[in-house]
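Before any comments, here is the structure.
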Amino acid sequence: RKNFLLFGPLFCFLMIFTNYFLNTKVHAPNYRKISYVLAGMSIPIGFIGLYSQALSETLQHVFVPTASLFMLLLGIVVVKKFSLAKLYLLGWSAIIISAILVTMYYNGTMKFSFHPIYLVELGALFEVLIFSLALANRIKYYQQENDRLMTKQNEILAQKVNEKTKELQNANNELLASNEELQQSQEEIAAQRDAIESKNLLVAKSIKAARHIQEAALPFEHQINCLLSEYFILYHPRDIVSGDFYWIEQVNDKVFVIALDCTGHGVPGAFMSMIANTLLDNIIKVNKVLQPAQVLNSLHEQVQIGLRQETTNDKSGMDVALLVLEASQNQKTRVQFAGARRPLYYIIPGEPGLNIIKESRRSIGGIQPTNVKFENQHLNLPKGSIVYLGSDGYEDQNNESRKKLGTKKLQELLLTNAHLPLWSQKEQLEKTLDAYMRNTDQRDDILLIGIKLSGNEGKVKNASGNNQMVIN
């Protein structure tokens with residue numbers, strides 16, 4: 001019974017050995033599946049012997065030759081692809097021949113002088129020797145195959161290393177070339193930067209010189225102090241030079257206070273302001289044009305002529321608030337006003353609210369509507385009244401949300417602070433402006449003038465001076 005139980009495991013071992021030795025997974029995958037089926041069939045044949053020896057022996061007599069022939073066939077199939085299969089066939093042939101001779105002996109076909117079991121042992125010994133030689137060759141084959149694969153792998157690796165080395169060398173050469181180009185570009189940029197810095201320095205010096213010239217054209221503080229008893233001038237150019245400026249002079253018994261907002265800011269605005277300053281000197285001081293509306297008309301005509309705007313289509317110009325103060329009876333001041341897109345604000349002591357004299361809806365210079373005229377407007381204000389005029393820079397200043405401060409807010413500030421001395425009003429206006437424009441840049445030139453009337457305007461003789469200019 002033990003022999004019957006050993007039949008299945010022994011035959012399974014033979015099948016596993018055959019598949020391993022012939023490498024049927026590569027050389028005969030379909031036959032490999034059949035071999036496992038036969039190996040599986042050998043197990044129940046062995047177990048049947050525990051219950052019926054005769055049936056088990058009958059099945060073995062059928063199964064063993066069939067399986068032996070299959071393994072022999074498997075070797076024949078593989079030998080075409082795998083040379084070591086020849087040794088497998090030789091060893092397996094020895095055991096099959098010995099089995100055939102034993103069968104012939106028991107059938108009476110052949111007679112031997114020795115017991116036939118020796119034939120089986122001899123065949124098995126020969127098979128073991130052949131399989132041992134085959135295993136040694138198989139080991140040698142795998143060693144050679146392993147060496148071949150290692151050599152091939154090393155060659156592939158060496159080739160990849162050479163390719164990567166060449167790629168790295170090419171990349172390094174490209175990097176060196178790029179570094180040289182970058183260094184050359186940096187040198188060119190540095191040279192251009194130095195040239196730009198040099199030019200910027202010259203431009204800055206020129207603009208600073210222009211600022212001194214523009215400041216010299218502004219009224220002197222000594223002169224203003226002679227003409228106005230109490231006033232403030234809030235003057236903040238956006239750049240070094242400004243397109244906003246003010247003109248304050250006494251002609252005969254009249255004090256002219258003019259706030260101008262020229263087109264643009266910075267250098268272009270400053271050039272326009274110098275043109276306007278020269279034209280006002282000529283119109284008022286030389287030609288003695290003393291009516292505000294007539295001054296604005298003359299200024300408009302002279303700007304058009306000077307800039308040849310009818311032929312060049314140049315639109316440069318300015319917005320102007322022009323105020324003329326003259327002492328009247330009972331310590332009152334006669335006020336004349338004309339505005340080119342700039343109004344006049346005034347507050348009368350003891351009366352509520354902020355009063356406004358509206359401007360004419362046209363500018364100086366450029367193409368303007370012919371149906372809109374500059375108008376003289378007259379007031380007779382008591383002592384202590386305050387008048388305000390300037391450019392639109394203050395109310396147009398935006399905060400970090402890009403929202404303008406606005407005309408309404410400016411009017412509220414003027415009315416709220418009207419009870420304060422003018423120097424204190426200026427401080428409050430500047431604090432409000434600084435707080436509003438925190439974290440943002442100044443948008444435009446800013447000019448705002450406040451004057452408290454004394455009733456003595458125009459009574460000072462020879463007010464012109466050359467001592468000190470007003471820089472606020």
Side-chain angles (χ1 to χ4, degrees), residues 8-43 67-96 124-197:
L10 178 62
F11 201 84
C12 287
F13 170 77
L14 289 175
M15 282 297 181
I16 292 172
F17 173 80
T18 299
N19 283 320
Y20 171 76
F21 184 84
L22 297 179
N23 196 11
T24 56
K25 186 177 181 180
V26 176
H27 302 303
N30 294 328
Y31 288 90
R32 181 184 180 89
K33 297 176 182 179
I34 297 174
S35 70
Y36 283 130
V37 172
L38 291 175
M41 292 173 62
S42 67
I43 301 296
S68 299
L69 290 174
F70 171 77
M71 286 188 284
L72 187 64
L73 176 63
L74 187 58
I76 294 172
V77 171
V78 173
V79 75
K80 298 178 181 180
K81 303 176 182 178
F82 186 47
S83 61
L84 290 179
K86 294 177 182 179
L87 294 175
Y88 168 85
L89 290 174
L90 184 61
W92 199 250
S93 297
I95 194 66
I96 291 175
L125 178 62
F126 187 75
E127 182 184 32
V128 169
L129 291 174
I130 295 299
F131 280 174
S132 297
L133 180 61
L135 285 174
N137 287 332
R138 179 68 184 272
I139 292 171
K140 183 179 179 181
Y141 168 79
Y142 277 124
Q143 288 177 343
Q144 292 175 346
E145 186 68 14
N146 184 60
D147 292 340
R148 185 185 67 81
L149 291 175
M150 288 294 295
T151 302
K152 185 176 180 180
Q153 190 70 23
N154 289 336
E155 290 175 354
I156 293 173
L157 182 61
Q159 182 179 0
K160 289 183 177 180
V161 169
N162 290 333
E163 290 176 355
K164 290 294 182 181
T165 302
K166 290 181 180 179
E167 290 178 3
L168 289 174
Q169 288 177 346
N170 293 334
N172 186 53
N173 293 333
E174 292 177 359
L175 183 60
L176 290 174
S178 298
N179 285 338
E180 291 178 359
E181 293 177 0
L182 181 60
Q183 185 175 1
Q184 184 177 359
S185 299
Q186 288 177 339
E187 291 174 354
E188 292 176 357
I189 291 172
Q192 293 174 358
R193 180 199 62 206
D194 294 340
I196 292 172
E197 287 180 353

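We're numbering straight along the sequence, starting at 1. None of these values were measured; they are calculated from a predicted model.
- How far CG of L74 is from CG of L38: 10.0 Å, rounded to the nearest 0.5 Å.
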For the pair K160 and E163, evaluate salt bridge (Lys or Arg N to Asp or Glu O under 4.0 Å) and give the outcome as yes or no after the intermediate values. CA-CA 5 Å; K160 289 183 177 180; E163 290 176 355; over 6 Å; no
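- Taken from CD in E188 to CD in Q192, the straight-line distance is 6.5 Å, to the nearest 0.5 Å.
- Remark: E187 pairs with Q183 by the side chain to side chain contact (heavy atoms under 4.5 Å, CB included) rule, at least two apart or across chains.
- In this structure, the side chain to side chain contact (heavy atoms under 4.5 Å, CB included) partners of V37, at least two apart in sequence or on a different chain, are M41.
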Sequence neighbours left out, cut at 3.5 Å: what donor-acceptor pairs do the side chains of residues 148-156 make with other protein atoms?
from : atom 1 : to   : atom 2 : distance (Å)
R148 : NE     : E145 : OE1    : 3.3
R148 : NE     : E145 : OE2    : 3.4
R148 : NH2    : E145 : OE2    : 2.3
T151 : OG1    : D147 : O      : 2.7
N154 : ND2    : M150 : O      : 3.1

Donor-acceptor pairs under 3.5 Å, side chain of residues 169-179 to any protein atom, not counting sequence neighbours: which ones?
from : atom 1 : to   : atom 2 : distance (Å)
N170 : ND2    : K166 : O      : 3.2
N173 : ND2    : Q169 : O      : 3.1
S178 : OG     : E174 : O      : 2.9
N179 : ND2    : L175 : O      : 3.3

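- Each side chain to side chain donor-acceptor pair (under 3.5 Å) pair with one or both residues in residues 28-40, not counting sequence neighbours, appears once here: N19-S35, T24-R32, R32-Y36.
- By the salt bridge (charged side-chain N to carboxylate O under 4.0 Å, His left out) test, E180 pairs with no residue at all, sequence neighbours left out.
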